[in-house]
Amino acid sequence: MKITSAEFVISNSDIHKCPEPKIPEFAFIGRSNVGKSSLINMLCERKGLAKTSSTPGKTQLINHFIINDSIYFVDLPGYGYAKVSQKERQKWEQFTLHYLKTRPNLLYTFVLIDSRIKAQKSDLEFMEWLGTNRIPFVMLFTKIDKLSSSQLQKNMAAYQNEMLKVWAELPIRILTSSVSGIGKNEIFVVIENTNKLFKM
Ligand code: GTP
Ligand code: MG
């Protein structure tokens, strides 16, 4: 897969105002500041496409981008430690979860996890929620450029052990860095293979 065009379409908090669900869609979610918007920009090779920030809580709406005129990428607000009021956060959580549960053309959700830190309760609980609601997801470990390969191996092994306490089978896991571009091809393979099924 090669991305030849990537355009912002619409931002909103009302799932009824999302674009018509006529083409495959892939969403990016994870704790605030984990690197969702940066990863979308890396995949599209467009630095300013999705707004990024070093301050958590930058993305506050459901943002649709159209890729190659044939698929949607969706940048979602982060959960976790955003510096916003609890009320505000509950509002995003509500519309984001509603979106994930009801969007008919959503083929995969990419759950971004910070590779540098140990498994967080909010991530584990969120993935369990996805499992309970039968929403297919792939785990993307982010910011691996910030770790030595031995530290990365150690962290991945620890994460795997944590997941195996709950999951009989582990989801697909991909290591990524928006700085080096690592992980891009593997993500594209997931997207391509899933799209093929959508067309069948
Ligand atoms: P919210 O929209 O606030 O939920 O955040 P987000 O998950 O979209 O994160 P964003 O892409 O805005 O990135 C947060 C910070 O992490 C920024 O300062 C990025 O430059 C940095 N960052 C993101 N990805 C990487 C990466 O792969 N490597 C490194 N070193 N830094 C990264
Ligand atoms: Mg963001």
Side-chain angles (χ1 to χ4, degrees), residues 3 6-13 18 25-67 72-100 108-117 119-127 129-130 137-153 155-156 159 173-188 190:
I3 293 187
E7 300 296 332
F8 169 74
V9 182
I10 193 168
S11 288
N12 62 74
S13 61
C18 288
E25 185 156 314
F26 297 86
F28 296 80
I29 195 164
R31 290 190 315 125
S32 292
N33 218 39
V34 69
K36 300 174 288 296
S37 302
S38 303
L39 190 83
I40 289 178
N41 292 342
M42 180 274 269
L43 294 175
C44 298
E45 291 177 25
R46 288 270 305 276
K47 273 206 161 90
L49 184 65
K51 301 271 181 301
T52 65
S53 168
S54 52
T55 318
K58 178 69 186 170
T59 309
Q60 304 196 357
L61 294 166
I62 300 171
N63 299 288
H64 275 79
F65 299 91
I66 189 157
I67 310 301
Y72 289 124
F73 279 179
V74 180
D75 190 14
L76 293 170
Y79 50 84
Y81 61 77
K83 279 186 195 148
V84 289
S85 71
Q86 190 162 352
K87 200 170 153 210
E88 193 66 10
R89 210 163 69 201
Q90 274 172 353
K91 201 175 81 190
W92 309 348
E93 275 176 12
Q94 225 170 23
F95 68 68
T96 304
L97 297 185
H98 185 53
Y99 158 83
L100 290 169
Y108 254 123
T109 297
F110 292 109
V111 179
L112 279 68
I113 311 263
D114 193 328
S115 64
R116 299 169 300 172
I117 53 176
Q120 302 288 300
K121 196 163 166 247
S122 55
D123 290 325
L124 296 169
E125 283 177 357
F126 178 67
M127 288 186 282
W129 180 87
L130 289 173
F137 68 94
V138 169
M139 294 169 77
L140 303 183
F141 287 94
T142 65
K143 308 190 186 184
I144 68 159
D145 56 282
K146 291 200 169 189
L147 286 175
S148 67
S149 60
S150 63
Q151 193 59 52
L152 181 64
Q153 260 182 352
N155 289 7
M156 290 307 105
Y159 213 108
R173 285 148 291 146
I174 300 176
L175 303 179
T176 74
S177 164
S178 297
V179 173
S180 74
I182 202 159
K184 186 177 185 173
N185 290 340
E186 278 182 88
I187 294 171
F188 284 169
V190 169

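As the structure lists them, so they are numbered: ligands from 1, and atoms in each ligand from 1.
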Under 4.0 Å from any heavy atom of K36, which atoms of ligand 1 are there?
1 (P), 4 (O), 5 (O), 6 (P), 7 (O), 8 (O), 9 (O), 11 (O)

One should read off an interatomic distance between S13 OG and Q94 CD, to the nearest 0.5 angstrom, of 11.0 Å

Applying a strict 4.0 Å limit to heavy atoms, is S177 in contact with ligand 1?
yes

Give the atoms of ligand 1, by number and element, whose distance to some non-hydrogen atom of G78 is under 4.0 Å.
4 (O)

Below 4.0 Å from any atom of ligand 1, is there a heavy atom belonging to V179?
yes

How about F110 and F28: are their ring centres within less than 6.0 Å of each other?
yes

Least distance between heavy atoms, A6 atom then I67 atom:
CB-CD1, 3.8 Å

Provide the full list of salt bridge (charged side-chain N to carboxylate O under 4.0 Å, His left out) pairs with a residue in residues 138-153, sequence neighbours left out, each pair given once.
none

E7: side-chain hydrogen bond (donor to acceptor under 3.5 Å, both in side chains) partners, not counting sequence neighbours
none

Of all the atoms in ligand 1, which lie at a distance below 4.0 Å from a heavy atom belonging to S37?
8 (O), 11 (O)

Of all the atoms in ligand 1, which lie at a distance below 4.0 Å from a heavy atom belonging to S32?
4 (O)

Ligand 1 N/O within reach of K143 N/O, cut-off under 3.5 Å:
yes

Value rounded to 0.5 Å, distance of CG in L76 from OG in S37
9.5 Å

Ligand 1 versus K146: contacting region, heavy-atom distance under 4.0 Å:
side chain

Evaluating non-hydrogen atoms only, which member of P77, S178, S38 is closest to atom 10 (P) of ligand 1?
S38

S37 near the Mg ion (ligand 2): N/O/S under 2.8 Å:
yes

Classify the angle between the aromatic ring planes of F26 and Y108 as parallel (below 30°), tilted (30 to 60°) or perpendicular (above 60°).
parallel

Can you list the atoms of ligand 1 that are under 4.0 Å from a heavy atom of D145?
26 (C), 27 (O), 28 (N), 29 (C), 30 (N)

Any nitrogen or oxygen of L39, main chain or side chain, under 3.5 Å from a nitrogen or oxygen of ligand 1?
no

Might you point out which heavy atoms bring L100 and L130 nearest each other, and give the distance in Å?
CD1-CD2, 4.4 Å

